[in-house]
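As a basis for the values below, the full set of heavy atoms in this structure was taken, side chains included, without hydrogen atoms, waters or symmetry mates. Counting from 1, the numbers follow the sequence of the chain as shown.
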Amino acid sequence: MNTEAFVHLPTLRARIKPPLSSELRVTPELLADWDQRNRGLGHPENWRLPDAQREASRRATLQQRPLTGDVWVFGYGSLMWDPGFHFTEVRLADVDGHQRRFTNKMTVGRGTLEHPALMLTLEPQAGRCQGLAFRVAADAVEAETTILWRREMLRGSYTAGWLPAATPQGPIEVLAFLANPDCPSYTGEQPLTQTASVIASAVGPRGSNRDYLEQLAAQLDLLVIEDAYIRRLMAQVQTLAGA
């Protein structure tokens with residue numbers, strides 16, 4: 001990984017997984033492995049979007065980008081510690097008019113068909129979402145966004161779009177993966193106690209839902225990002241878990 005990428009945030013050097021060691025750098029081989037595993041767990045043949053549909057989404061989104069050249073990717077969840085793609089710079093970034101919320105039901109990864117987990121989305125709500133912006137070099141955009149789309153747009157849980165973001169180094173436009181209310185897995189925002197109950201108990205092949213939340217909270221703490229929703233949710237999950 002390019003160490004110069006962390007010039008603005010040197011504390012992140014040891015807190016972001018290198019892309020080539022990431023389990024979420026989704027190659028065709030890894031995708032085939034997921035297909036085999038999930039079908040073995042009882043998921044239907046069409047458990048994910050067809051490759052052609054996912055690729056069409058990627059190309060359409062890139063055609064809509066405000067500027068040619070480098071692409072900035074907004075991370076508000078697991079991308080903040082395990083992006084899985086190569087980047088040349090990372091900055092703190094704020095996106096207005098959106099908030100992170102657990103509104104995406106997942107029966108793979110950290111959940112199962114019997115006990116789905118809840119994963120983050122970016123919801124249009126008053127306030128702002130603070131996260132990270134990763135710069136992908138122009139000559140790597142094609143390859144790295146292909147990797148990214150296999151991960152974020154696997155099941156149609158998100159819509160991809162471009163949002164203005166504020167960074168300490170100046171304004172940028174970021175590629176963000178937003179909540180998709182038309183997706184069958186979309187739950188909408190539920191009462192905090194209900195959300196916490198799911199997160200406290202869901203476990204899947206990639207680990208527990210609680211571990212995901214704890215990793216997110218730890219990364220926000222490291223970056224001194226205050227998120228009242230995540231803080232309240234963590235407290236509720238810890239109460240339910242007795243720790």
Flag side-chain contact, heavy atom, 4.5 Å: L41 against L113: no

Under 3.5 Å, which donor-acceptor pairs do the side chains of residues 200-208 form with other protein atoms, sequence neighbours left out?
{"unit_1": "S201", "atom_1": "OG", "unit_2": "S197", "atom_2": "O", "d": "3.0"}
{"unit_1": "S201", "atom_1": "OG", "unit_2": "V198", "atom_2": "O", "d": "3.4"}
{"unit_1": "S208", "atom_1": "OG", "unit_2": "D211", "atom_2": "N", "d": "2.9"}

Which residues share a side-chain hydrogen bond (donor to acceptor under 3.5 Å, both in side chains) with R25, sequence neighbours left out: E144

R91 side chain near F134 side chain, heavy-atom distance below 4.5 Å: no

Between CG on residue L79 and CG on residue L132, distance to nearest 0.5 Å: 9.5 Å

Pairs touching residues 55-77 that satisfy salt bridge (Lys or Arg N to Asp or Glu O under 4.0 Å), sequence neighbours left out: E55-R58, E55-R59, R58-E142, R59-E142, D70-R135

Within-4.5 Å side-chain heavy-atom neighbours: Q238 and R210: yes

Short side-chain to backbone donor-acceptor contact, N209 and L118, under 3.5 Å: yes

R100 (side chain) donor-acceptor with L120 (main chain) under 3.5 angstrom: no

pair R150-L30: side-chain heavy atoms closer than 4.5 Å: no

Qualifying residue for side-chain hydrogen bond (donor to acceptor under 3.5 Å, both in side chains) with Q125, from Q99, H98, E189: E189

Other residues, nucleotides, ligands: >12 heavy atoms within 6.0 Å of H8 NE2: yes

Q215-W81 side chain donor-acceptor pair, cut-off 3.5 Å: yes

Main-chain N/O of T107 paired to H43 side chain as donor or acceptor, under 3.5 Å: yes

Closest non-hydrogen atom pair, V141 against G69: CG2-O, 3.9 Å

Main-chain N/O of M80 paired to Q219 side chain as donor or acceptor, under 3.5 Å: yes

Exercise: identify the closest heavy-atom pair between A137 and T88: CB-CG2, 4.0 Å

Listed partners of E23 passing side-chain hydrogen bond (donor to acceptor under 3.5 Å, both in side chains), at least two apart: none

Shared hydrophobic cluster for W47 and L49 (ILVMFWY, side-chain gaps under 4.5 Å): no

Side-chain H-bond candidate by donor/acceptor type, S185 with N104, under 3.5 Å: yes

4.5 Å side-chain heavy-atom contact, T159 and T61: no

Between W149 and F177, ring centroids under 6.0 Å: yes

Spacing of S78 atom OG and E152 atom CD [to the nearest 0.5 Å]: 6.0 Å

Worked check of side chain to side chain contact (heavy atoms under 4.5 Å, CB included) between L154 and V108: CA-CA 11 Å; L154 188 66; V108 298; 5.6 Å; no

Connected via hydrophobic side-chain network under 4.5 Å: M153 and L178: yes

Steps toward side chain to side chain contact (heavy atoms under 4.5 Å, CB included) verdict (E173, W72): CA-CA 7 Å; E173 294 282 335; W72 289 94; over 6 Å; no

Any F74 side-chain heavy atom under 4.5 Å of L163 side chain: no

Q36 CD to D33 CG distance, which is reported to the nearest 0.5 Å: 6.5 Å

Heavy-atom closest contact (Y212 atom, G77 atom, distance): OH-CA, 3.9 Å

Hydrophobic cluster membership, W34 vs I147, 4.5 Å side-chain cutoff: no

side-chain hydrogen bond (donor to acceptor under 3.5 Å, both in side chains) against E123, all qualifying residues, sequence neighbours excluded: T103, T121, Y186

I199 CD1 to M234 CE distance, which is reported to the nearest 0.5 Å: 10.0 Å

Candidate pair L122 and Y158, rule side chain to side chain contact (heavy atoms under 4.5 Å, CB included), full reasoning: CA-CA 9 Å; L122 194 60; Y158 301 99; over 6 Å; no

T167 OG1 to I172 CD1 distance, which is reported to the nearest 0.5 Å: 5.0 Å

Side chain to side chain, L216 and L220, heavy atoms closer than 4.5 Å: yes

Y229 six-ring face occupied by R101 cation (under 6.0 Å, within 45°): yes

Short side-chain to backbone donor-acceptor contact, T145 and L148, under 3.5 Å: no

Parallel, tilted or perpendicular: ring planes of F85 versus F87, cut at 30 and 60 degrees: perpendicular

Lys/Arg-Asp/Glu bridge criterion (N-O < 4.0 Å) met for D227, R231: no

Within-4.5 Å side-chain heavy-atom neighbours: P116 and M106: no

Nearest heavy-atom neighbours spanning G84 and S22: CA-OG, 3.8 Å

D96/R128 ion pair, N-O < 4.0 Å: no

Counterpart residues, side-chain hydrogen bond (donor to acceptor under 3.5 Å, both in side chains), relative to N38 (two or more places apart): none

Approximate separation, where rounding is to 0.5 Å, of S157 OG and R48 CZ: 13.5 Å

Heavy-atom closest pair, residues Q236 and A196: CG-CB, 3.2 Å

From CA spacing to verdict: side chain to side chain contact (heavy atoms under 4.5 Å, CB included), V174, V95: CA-CA 9 Å; V174 294; V95 170; 4.2 Å; yes

